[in-house]
Amino acid sequence: MSENTPVVVRIAPSPTGDPHVGTAYTCLFNMALRQQRGGRFILRIDDTDQTRYQADSEAAITRELAWLGLAWDEGPDVGGPSAPYRQSERTDLYRDACESLVASGAAYRCDCTKERLDEMRAEQRKNKQQPRYDGHCRERSVSADTAHVVRLKVPTDGETTFKDGLRDAITIKHAQVDDQVLMKSDGFPTYHLATVVDDNAMGVTHILRAEEWINSTPKHILLYQAFGWELPQYYHLPLLRNADKSKISKRKNPTSITWYHENGFLPEALVNFLGLMGFSMGDDQEEFDLAEFLAVFDADRIKTTGPVFDLQKLEWLNGVYIRKLDADTLIAHLKECSPLARESDPEVLRRILPLVRERMKRLTEFDDIARFFFADFAAPSYDDLIPKKRTDTNTAAMLRMARQVVAKSDNAIDPDALQQELRDVATTGDWKPRELFGALRWAVTAQKVTPPLFESMAILGRPECIERIDASIDVLGSPENPILGTTGH
RNA sequence: GGCCCUAUCGUCUAGCGGUCCAGGACACAGCCCUCUCAAGGCUGGGACGGGGGUUCGAGUCCCCCUAGGGUCACCA
């Protein structure tokens, strides 16, 4: 292949404006193919369907792809020799191409009404025939002045065979191919016309897209032939699946990149995960960054089996990156989805992070885990505070002794030293250390599960710890006689 | 339903005729570590969909069946 072998992915903003993970998947592999073969990666925006397109869609998709670190060489905002990149700005091209097709007889105008078409298809279904255009307007001459569409005149017999880059030759009989509408009555092209015209105009030689396009590839090839253009090489990527193996869908899986972005996933993890779908490094390496992926990528190694998008594995991988990434990067991402992190003092955040990071699968879990570090502290309940088989007076007495240890000095807390002293306290009171630590954990954090207690206390500082312990002692009441317990609670 | 694609543990995958009584990862279970929870370490259960071929030899090649998916629009 030449140095300048363009590879293209067409981005179709969805009606809701949600950038789809499938788009990121295709984009990632397009980047990789470009890397492998040389050339350019062109991003085009399909915005011709005015009723569905929303202005936000393009911004959203480009924002999220950028978040993932995926980059194209040519496209809106980036520019390049093939501009413009929005379908809505290339309508002349499609109209001219379409006219030439009609002139050469490869396509024809059709003014069949929706009603007639519906009726016809209903009839065909009833007769157990495959619904398809009956060719009513094929030999008629429909005036260009009336409302009409333009259809591709697909040969009535024969077949089209093409070689997919990832599998054996695929042959589809023309009897299976409908007379596709190329130009809609509103004057905008359908995907089929636009993609062929654009790809040719932009010099695209390799097309990497999802498997769902396989059945319409003959239409595209027929178009290339009608125009007399050189065919591109197709690669049809496997479809991402839900757990039930159906094509990944919003109902059964989060599909919006924005969702992953907002719900505490790291772009590094998502890219890594996507790189594992239908592809592997060849050895047992599962963790890799974009650069490594691009370096190792080989189109011949792509699998054609549709991989199930396993959120659990993504979460594990996300945890791996939360632990692996340097503090600055992590904090930057953390601030995107954690209100607490956004508001807190960077220095405090930096101290808390080592204690919290290995306990998170998603960045959004930060707030729950680290909440107790921050001001809005509420004392724990009476029941939580008292260990099994201990009494309130007993517990209060122990906490009082613990408080003394904490209050003994003004120095910064040394976690190890504090732990040792508190062990001694437990022993003195005839408690197991774990019982004391448990009660103290509740007193200081108001949580059952927390990061390491003594390190946490060191960050909170003595005054804050003392205040919280006092609050818990209050919750337990003011016992006259310490130590001796009667019954459990 | 027609056509097309696909088929290794529950999931992601390694395997490109012998080195596979099938390897790794997630998940799951147990143990260790341990102030809780994680992280980490160790151990365990768990797969070549079925049937025919080809071959000295098949998870690997061929055929059939079965199963799953996709596609049959003036959506992409």
Side-chain angles (χ1 to χ4, degrees), chain A residues 10-15 46 48-49 51-52 110 112 114 117-118 121 125 128-133 147-151 164 166-168 170-173 175-178 180-186 188-192 194-195 209-218 236 238-239 241 243-247 273 276-287 300-301 303-317 319-320 323 355-361 369 419 422-423 426 432-442 445 447-455:
Chain A
R10 159 176 300 250
I11 300 306
S14 73
D46 181 344
T48 56
D49 192 329
T51 58
R52 301 179 67 202
C110 166
C112 291
K114 180 156 197 321
L117 260 20
D118 287 346
R121 293 199 180 99
R125 264 177 222 290
K128 298 210 191 286
Q129 290 173 308
Q130 180 176 333
R132 55 169 297 166
Y133 186 63
H148 67 278
V149 301
V150 175
R151 290 181 182 275
D164 183 279
L166 307 180
R167 47 204 118 212
D168 293 335
I170 296 171
T171 298
I172 294 173
K173 293 190 174 54
Q176 294 295 326
V177 184
D178 205 357
Q180 182 58 234
V181 170
L182 301 175
M183 188 63 83
K184 296 182 278 186
S185 56
D186 63 3
F188 285 101
T190 58
Y191 168 84
H192 306 281
T195 189
R209 53 164 40 162
E211 191 179 31
E212 56 192 332
W213 291 107
I214 286 182
N215 287 305
S216 44
T217 301
H236 289 99
L239 245 16
R241 314 290 186 97
D244 65 4
K245 303 286 179 87
S246 58
K247 178 165 78 167
F273 180 70
L276 251 15
M277 302 279 90
F279 189 79
S280 67
M281 299 301 259
D283 48 23
D284 288 333
Q285 184 184 1
E286 295 221 292
E287 297 167 24
D300 293 336
R301 290 188 53 80
K303 293 221 324 175
T304 45
T305 319
V308 171
F309 193 99
D310 182 3
L311 198 57
Q312 253 187 334
K313 184 153 185 174
L314 208 208
E315 285 188 322
W316 162 75
L317 205 47
V320 168
R323 273 166 254 137
L355 300 185
V356 173
R357 68 190 308 176
E358 70 194 29
R359 271 155 254 269
M360 292 189 287
K361 287 220 260 296
I369 298 174
Q419 174 174 182
L422 288 170
R423 275 182 191 281
K432 288 176 185 155
R434 57 192 308 130
E435 289 179 296
L436 209 215
F437 296 165
L440 194 56
R441 165 171 284 112
W442 272 108
T445 70
Q447 290 177 7
K448 184 182 183 183
V449 172
T450 72
L453 181 57
F454 309 108
E455 277 87 344

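Numbers restart at 1 for each chain; the letters A, B, ... are given by sequence-line order, proteins then strands.
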For this session: Can you sort out the partners of A:Val149 under side-chain contact (heavy atoms from CB on, under 4.5 Å), two or more places apart, ordered by chain and number?
Result: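 By the side-chain contact (heavy atoms from CB on, under 4.5 Å) rule, A:Val149 matches A:Cys110, A:Arg151, A:Val181, A:Ser185.
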Exercise. Tell me: NZ of A:Lys173 to P of B:rC3, nearest whole Å?
Worked result: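 Spelled out: NZ on A:Lys173 to P on B:rC3 is 8 Å.
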Exercise. When the distance from CZ of A:Phe273 to P of B:rU11 is rounded to whole Å, what number comes out?
Worked result: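 So the CZ-P distance, A:Phe273 to B:rU11, works out to 13 Å.
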Please pick, from [options], the nucleotide with the shortest atom-to-atom distance to any side-chain atom of [X].
X	options	result
A:Asp310	B:rU11, B:rC74, B:rA7	B:rU11
A:Ile172	B:rG15, B:rA76, B:rC4	B:rC4
A:Arg359	B:rC35, B:rA27, B:rA38	B:rA38
A:Arg441	B:rA76, B:rU36, B:rG40	B:rU36

Considering only nitrogen or oxygen atoms on both sides, find all protein atoms under 3.5 Å from nucleotides 18-24 of chain B and state each distance.
from   : atom 1 : to       : atom 2 : distance (Å)
B:rG24 : N2     : A:Glu286 : OE2    : 3.1

Is the shortest side-chain N/O distance from [X] to OP1 or OP2 of [N] below 4.0 Å?
X	N	value
A:Gln312	B:rA27	no
A:Arg434	B:rC37	no
A:Arg301	B:rC16	no
A:Ser280	B:rA14	yes

What is the nucleic acid contact for [X], judged by heavy atoms within less than 4.0 Å: base, sugar-phosphate only, or nothing?
X	value
A:Leu453	base
A:Pro307	sugar-phosphate
A:Glu455	base
A:Met183	nothing
A:Pro451	base

Problem set entry | Set of ring-ring contact (aromatic ring centres under 6.0 Å, His included) partners for A:Phe273, sequence neighbours left out |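 ring-ring contact (aromatic ring centres under 6.0 Å, His included) check on A:Phe273 returns A:Phe309.
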Results of side chain to side chain donor-acceptor pair (under 3.5 Å) for [X] - residues two or more places apart only:
X	answer
A:Thr190	none
A:Arg209	A:Tyr191, A:Thr217, A:His220, A:His236
A:Ser246	A:Asn242, A:Asp244
A:Gln285	A:Glu292

For this session: Could you run through nucleotides 66-73 of chain B and give me one letter per nucleotide, 5' to 3': B if any protein heavy atom sits under 4.0 Å from the base, S if only the sugar-phosphate is that close, - if neither?
Result: --SSBSSS
For this session: Determine whether A:Pro433 and A:Leu422 make a side-chain contact, defined as any pair of heavy atoms from C-beta on separated by less than 4.5 Å.
Result: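 Sidechains of A:Leu422 and A:Pro433: no contact.
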Problem set entry | Of A:Thr171 and A:Lys448, the one whose closest RNA chain B nucleotide lies more 5' |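 Mapping each residue to its closest nucleotide by heavy atoms, the 5'-most match is A:Thr171.
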Exercise. If you take atom types as modelled and just measure distance, does the side chain of A:Thr304 reach the base of B:rC5 with a donor-acceptor pair under 3.5 Å?
Worked result: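 Donor-acceptor pair under 3.5 Å: no.
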Exercise. Should the pair A:Glu211-A:Arg167 be classified as a salt bridge under the 4.0 Å nitrogen-to-oxygen rule?
Worked result: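 Yes, this pair counts.
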Exercise. According to the side chain to side chain donor-acceptor pair (under 3.5 Å) rule, which pairs have a member within residues 305-314 of chain A, sequence neighbours left out?
Worked result: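 Counting only pairs at least two positions apart or across chains, the side chain to side chain donor-acceptor pair (under 3.5 Å) contacts touching residues 305-314 of chain A are A:Glu286-A:Lys313.
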For this session: Taking atom C1' in both B:rG68 and B:rG10, compute the distance separating them and give it to the nearest angstrom.
Result: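 Rounded to whole Å, the distance is 16 Å.
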